[in-house]
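Order of the sequence lines sets the chain letters (A, B, ...), proteins ahead of strands, with each chain counted from 1.
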Protein chains: 2
Amino acid sequence: MLSKSEENYIKEIYSLEQKFQSDVNTNLIAKKIETKASSVTDMLKKLAKKELLTYQKYKGVKLNPKGTKVALSIIRKHRLWETFLVKKLNFSWDEVHEVAEQLEHIQSDKLTNHLDAFLDFPTVDPHGEPIPNKHGNFKTTKTICLNQFQIGEKGVFVEVKNDSDTFLKFLNKNNLSIGTKIKVIEKEDFDNSMVIETNKDQFRISENVTKNLYLKR
Amino acid sequence: MLSKSEENYIKEIYSLEQKFQSDVNTNLIAKKIETKASSVTDMLKKLAKKELLTYQKYKGVKLNPKGTKVALSIIRKHRLWETFLVKKLNFSWDEVHEVAEQLEHIQSDKLTNHLDAFLDFPTVDPHGEPIPNKHGNFKTTKTICLNQFQIGEKGVFVEVKNDSDTFLKFLNKNNLSIGTKIKVIEKEDFDNSMVIETNKDQFRISENVTKNLYLKR
DNA sequence: AAATATTTTTAGGTATATCTAAAAATAATG
DNA sequence: CATTATTTTTAGATATACCTAAAAATATTT
């Protein structure tokens, strides 16, 4: 049985692997977990001993199948709980992350699977991110980052890759939610900002925003 | 903010206070928490310093209002989650305790209160135990322990004061559930066992069982 | 490739929540 | 009421998950 701390390391390492498509190094993990590199080293040794990942001094780590399975189970729980909070308890999408961070560590397969059924086996969470099923499988719909779009291109906003309160509140304020149709009106080469059009509005957003919005053409 | 361990101490001390209507001593707590008396002493000092309880060396402890409030909040969460598991996720009453022990430590007033509303503000949990409302208030229906009943007396089984798997499974096996009408047919002075009658059956139960069943006349 | 900068690890320390064993206080008994 | 038994506390360890500071390895510059 893994501690909450161990689970959080596994989860963050998984998400860094996905993001960078490579082995994950100590400092990156330290930043994500908000701890010191030395603490990360300690933990990596422990997780390596438990055979959840492969660790080579100074070379970074890579989850092995056992570790990946753990990561997917935590992500599954996190996203199911987020869905529950939004769909059943009337939370808004910017309020669910912190609570789901706690709920994802509850250990009961029966609970997870019954919750899944209760929610009618959702495939995406309130942020559009895919929910692994009980076998760890999930469908990856090819979404394109808004910053890849050209002037004149249109798409539907289907996923957000940033769970932070402030970011989601910013989206709320600008009426940007999953399902919103977006058209690129202008693209500034200097700072990669964009002017986009929704059915309500036209306004400029910074690269920091375009980087976190994913669309379907 | 309290640790999971601190919360468990507060919860158990509260339940011992209710049970014995007196100050709670170290060994009793140790037995409940399944730890050593020395560990309990350490924790009591810590909780006293946090002003959750009054502790006098060798004299036992008593929760003060702040501690009682914490206890009721944990009990509230525990019982709401049990209700959720049974009513919404199709758990049976003998399967909910362990999971609720984890869920009761989730920290989010919004979650607790929205869950409460989602369940239509239940006043008792699946074991018939009262659920405190958000202010810590709950109605105590005067229930009588089955072992106080005389031969010929009838009542309705409304509460069970033992959350253990084995005990609840025993009740299931004998078709004893909340709402069951019970009549006392025989009472054995030697071992305090009873023969009881339900609408289905007549059978003998030991004192260990009668002690944990609470009825309304 | 030598010097410098950065990253990572090691060594040693802290707080939490446990433990064992011994000492101290309280309770029960002859 | 003195002795014995029980309960509780103290003292000193242990494991987890952190930390700081220094050393070692790796990467980047000049």
Side-chain angles (χ1 to χ4, degrees), chain A residues 1-14 16-17 19-20 22-63 67 70-71 74 101-102 104-107, chain B residues 1-14 16-17 19-20 22-63 67 70-71 74 101-102 104-107:
Chain A
M1 190 137 106
L2 300 177
S3 71
K4 194 184 266 193
S5 190
E6 289 170 323
E7 289 194 345
N8 281 331
Y9 273 86
I10 297 288
K11 181 183 64 164
E12 296 300 354
I13 292 166
Y14 178 86
L16 290 169
E17 276 183 357
K19 190 164 175 186
F20 296 105
S22 74
D23 286 18
V24 179
N25 56 331
T26 304
N27 260 1
L28 259 181
I29 300 171
K31 244 169 249 157
K32 264 274 188 181
I33 306 264
E34 295 184 292
T35 184
K36 295 299 152 80
S38 56
S39 307
V40 175
T41 303
D42 286 351
M43 183 58 91
L44 295 182
K45 284 178 179 169
K46 193 160 62 146
L47 295 174
K49 207 155 108 190
K50 292 195 178 186
E51 299 188 300
L52 292 158
L53 47 78
T54 307
Y55 166 63
Q56 287 188 85
K57 272 188 190 179
Y58 298 101
K59 303 281 176 182
V61 293
K62 190 174 151 45
L63 291 182
V70 170
I74 300 163
E101 289 283 289
Q102 297 180 60
E104 71 191 7
H105 300 292
I106 302 291
Q107 317 242 229
Chain B
M1 192 137 105
L2 299 177
S3 71
K4 196 185 265 191
S5 190
E6 290 171 322
E7 289 194 346
N8 280 331
Y9 273 86
I10 296 287
K11 181 183 65 165
E12 296 301 353
I13 292 166
Y14 178 86
L16 290 169
E17 276 183 357
K19 192 166 174 185
F20 297 104
S22 73
D23 286 16
V24 179
N25 55 332
T26 304
N27 259 2
L28 259 179
I29 300 171
K31 244 168 247 154
K32 264 276 188 177
I33 306 263
E34 292 184 294
T35 184
K36 295 300 152 79
S38 56
S39 307
V40 175
T41 302
D42 286 350
M43 184 57 93
L44 294 183
K45 284 178 180 170
K46 192 159 63 143
L47 295 174
K49 207 154 107 190
K50 292 195 178 187
E51 300 188 299
L52 293 157
L53 47 77
T54 306
Y55 167 61
Q56 286 188 85
K57 272 190 187 178
Y58 298 102
K59 304 280 177 183
V61 293
K62 190 175 153 44
L63 290 182
V70 170
I74 300 162
E101 289 282 290
Q102 297 180 61
E104 71 191 7
H105 300 291
I106 303 292
Q107 317 242 229

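The side chain of A/Tyr55 places no N or O atom within less than 4.0 Å of a non-bridging phosphate oxygen (OP1 or OP2) of C/dT8. Listed pair A/Ser5 / D/dC18 meets the phosphate criterion, a side-chain N or O lying under 4.0 Å from OP1 or OP2. Not one side-chain nitrogen or oxygen of A/Tyr58 sits closer than 4.0 Å to the OP1 or OP2 atom of C/dT6. OP1 or OP2 of D/dC19 lies within a sub-4.0 Å distance of a side-chain N or O belonging to A/Ser39. Neither OP1 nor OP2 of C/dT6 sits under 4.0 Å from any side-chain N or O of A/Asn27. Put simply, A/Asn25 has no side-chain N or O that comes within less than 4.0 Å of OP1 or OP2 on C/dT7. For the pair B/Thr26 and D/dT9, the criterion of a side-chain N or O lying under 4.0 Å from OP1 or OP2 is met.
For the pair A/Met43 CE and C/dT9 C1', the computed distance is 16 Å after rounding to whole Å. Atom NZ of B/Lys50 and atom C1' of C/dA15 are 12 Å apart (whole Å). For B/Lys45 and C/dT18, the NZ to P distance is 15 Å, given to the nearest whole Å. One can place CE of A/Met1 at 14 Å from P of D/dT16, the figure rounded to the nearest angstrom. Here the C1' atom of nucleotide C/dT8 and the CG atom of A/Asp23 are 15 Å apart, to the nearest Å. Separating the CG atom of A/Asp42 from the P atom of C/dA15 is a distance of 17 Å, rounded to the nearest angstrom. For the pair B/Lys57 NZ and C/dA23 C1', the interatomic distance rounds to 12 Å; values are reported in whole Å. Nucleotide D/dT8 holds its P atom 15 Å from the NZ atom of B/Lys36, rounded to whole Å.
Mapping A/Leu28 and B/Ile33 onto DNA chain C by nearest heavy atom places A/Leu28 closer to the 5' end of the strand. Mapped onto DNA chain D by nearest heavy atom, A/Glu34 and A/Lys59 fall at different nucleotides, with A/Glu34 at the one closer to the 5' end.
Taking 3.5 Å as the limit, the base of D/dT10 and the side chain of B/Thr41 contain no donor-acceptor pair of atoms between them.
In this structure, B/Lys62 and B/Glu17 approach most closely via the heavy-atom pair CA-OE2, 3.2 Å.
A donor-acceptor pair under 3.5 Å is formed between the side chain of B/Thr41 and the backbone N or O of B/Ala37.
Electrostatic pairing of B/Glu101 and B/Lys11 counts as a salt bridge here, judged by a charged N lying under 4.0 Å from a carboxylate O.
Among the nucleotides D/dC18, C/dT7, D/dT8, the one closest to the side chain of A/Thr35 is D/dC18. The side chain of B/Ala37 lies closest to D/dT8 when the candidates are C/dT10, D/dT8, C/dT20.
Enclosure of atom NZ in B/Lys50 by more than 12 non-hydrogen atoms of other residues, nucleotides or ligands within 6.0 angstrom is indicated.
In this structure the side chain of B/Leu44 reaches within 4.5 angstrom of the side chain of B/Ile29, judged on heavy atoms.
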